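Every value quoted in this text rests on a predicted model; they were computed, and no experiment measured them. Chain letters run A, B, ... following the sequence lines, proteins first, then strands; residues in each count from 1.
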Number of protein chains: 2
Amino acid sequence: MSSRDYLGEFEHIVILALLRLAGRAYGVTVRQEIEARTGREVSIGAIYATLDRLETKGYLKSQFGEPTPERGGRSKRFFHVTAKGVSAVNRTHRAVQSMTQGLDLIGSHS
Amino acid sequence: MSSRDYLGEFEHIVILALLRLAGRAYGVTVRQEIEARTGREVSIGAIYATLDRLETKGYLKSQFGEPTPERGGRSKRFFHVTAKGVSAVNRTHRAVQSMTQGLDLIGSHS
DNA sequence: CAATTTATTCTATATTGTATAGCTAATGTC
DNA sequence: GACATTAGCTATACAATATAGAATAAATTG
């Protein structure tokens with residue numbers, strides 16, 4: 001465990017997108033998945049910046065695939081989560097869960 | 001909803017601490033609650049900086065209480081979460097949940 | 001090879017995360 | 001009441017994360 005042990009808010013979302021996209025995760029699909037699921041709009045630049053950071057930390061790995069026979073289309077960079085990345089997700093989840101334990105939320109707060 | 005709609009990772013933890021501490025949340029107890037629950041050590045400065053930001057965004061409010069009759073017992077600044085703050089927590093939770101839906105985690109990833 | 005398309009990289013800036021040091025207001029002691 | 005001691009809060013600074021937009025690259029087609 002290095003200096004910052006918990007995933008940032010957006011890092012968390014991005015890494016979850018990778019997990020659910022499994023073998024077909026690359027910039028564009030990651031963005032789509034996040035937008036489709038959460039309704040949150042994010043720039044493609046934001047996606048890549050985060051992917052790069054996560055890879056640097058060893059939570060992801062990536063490799064370029066073969067270009068697909070579509071109009072245009074340079075080759076995609078596919079990402080997958082490492083075991084270390086999965087640990088980070090779990091750690092982050094546990095932290096929130098421990099703080100949420102026994103709270104009802106949706107409360108009546110002024 | 002303004003520019004950044006989701007709580008940052010630490011903001012999230014801090015606001016959850018306030019919710020569970022209810023009427024007795026102030027700098028010191030917030031810090032204790034987080035450390036006790038998550039095992040995560042945070043400086044008191046980090047706590048206040050985050051509380052101040054959350055208050056600026058309207059997610060919290062604070063007021064000073066009466067000084068307590070202890071040695072050094074100066075008055076505490078008590079914090080409570082606003083309705084807007086509760087909404088932010090829920091929004092953040094929903095985002096993660098929508099991304100987690102149907103994932104097993106604890107997976108076998110390389 | 002120019003135009004078009006899909007995808008990635010670069011760059012720049014705002015917001016968050018985090019620690020340390022310093023300041024204030026209480027109480028206790030002589 | 002001057003001064004030490006204590007609990008709690010503020011100020012400041014800097015590193016890391018979030019985010020957008022423009023620029024660049026690599027394919028495909030006529």
Would you say [X]'s side chain and [Y]'s backbone share a donor-acceptor pair under 3.5 angstrom?
| X | Y | result |
| --- | --- | --- |
| A/T38 | B/A95 | no |
| A/T82 | A/Y59 | yes |
| A/R31 | A/V42 | yes |

Take the protein atom [atom1] of [X] and the nucleotide atom [atom2] of [N], then report the distance between them rounded to whole Å.
| X | N | atom1 | atom2 | answer |
| --- | --- | --- | --- | --- |
| B/E11 | D/dT17 | CD | P | 15 Å |
| B/I13 | C/dG17 | CD1 | C1' | 13 Å |
| A/R24 | C/dA7 | CZ | P | 14 Å |
| A/Y26 | C/dA7 | OH | P | 3 Å |
| B/K76 | D/dT6 | NZ | C1' | 12 Å |
| A/F79 | C/dA7 | CZ | C1' | 11 Å |
| B/E9 | D/dA15 | CD | P | 20 Å |
| A/D52 | D/dT19 | CG | P | 16 Å |

Tabulate protein N/O versus nucleotide N/O from nucleotides 23-26 of chain C, keeping only pairs under 3.5 Å, one per line.
from, atom 1, to, atom 2, distance (Å)
C/dT24, O2, B/R74, NH1, 2.7

Sugar-phosphate, base or nothing in reach of A/F64, heavy atoms under 4.0 Å: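 Contact class for A/F64: sugar-phosphate only.
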Sugar-phosphate only, base, or nothing, as touched by A/I47 at under 4.0 Å among non-hydrogen atoms: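 If one applies the 4.0 Å heavy-atom cut-off, A/I47 turns out to touch nothing in the nucleic acid.
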Partners passing side-chain contact (heavy atoms from CB on, under 4.5 Å) against [X] (at least two apart in sequence or in another chain):
| X | value |
| --- | --- |
| B/R77 | B/D52, B/E55, B/S62, B/F64, B/F79 |
| A/A46 | A/F10, A/S43 |
| A/Q97 | none |

Distance in Å, A/R53 CZ paired with A/L60 CG, rounded so as to fall on 0.5 Å steps: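 Separation between the atoms: 11.0 Å.
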Give me, pair by pair, the N or O atoms of the protein and of nucleotides 11-14 of chain D that are less than 3.5 Å apart, along with how far apart they are.
none

Remaining members of the apolar cluster that contains A/Y26, side-chain heavy atoms under 4.5 Å: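 A/V28, A/F78, all in the cluster of A/Y26.
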Any pair counted as salt bridge (Lys or Arg N to Asp or Glu O under 4.0 Å), so long as it reaches residues 11-23 of chain B, sequence neighbours left out: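 Non-adjacent pairs meeting salt bridge (Lys or Arg N to Asp or Glu O under 4.0 Å): B/E11-B/K57, B/R20-B/E33.
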Of A/Y6 and A/F78, the one whose closest DNA chain C nucleotide lies more 5':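 Upstream on the strand: A/F78.
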Residue whose closest nucleotide on DNA chain D lies nearer the 5' end, A/I44 versus A/G8: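 Nearer the 5' end of the strand: A/G8.
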Residues within residues 32-43 of chain B bordering DNA chain D, heavy-atom distance below 4.0 Å: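 Close to the strand, none.
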Any A/R4 side-chain N or O less than 4.0 Å from OP1/OP2 of C/dT16: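 Answer is no, no contact under 4.0 Å.
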Distance test, side-chain N/O of A/R31 to OP1/OP2 of C/dA7, below 4.0 Å: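 False: A/R31 side-chain N/O out of range (4.0 Å or more) of C/dA7 OP1/OP2.
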Salt bridge (charged side-chain N to carboxylate O under 4.0 Å, His left out) against A/R40, all qualifying residues, sequence neighbours excluded: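 With neighbours one apart ignored, the set is A/E9.
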Validation row: A/M99, A/V96 side chains within 4.5 angstrom (heavy atoms):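 Counting from C-beta outward, A/M99 and A/V96 never come under 4.5 Å.
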Single-linkage hydrophobic cluster B/I47~B/V89, side-chain heavy atoms < 4.5 angstrom: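 Yes.
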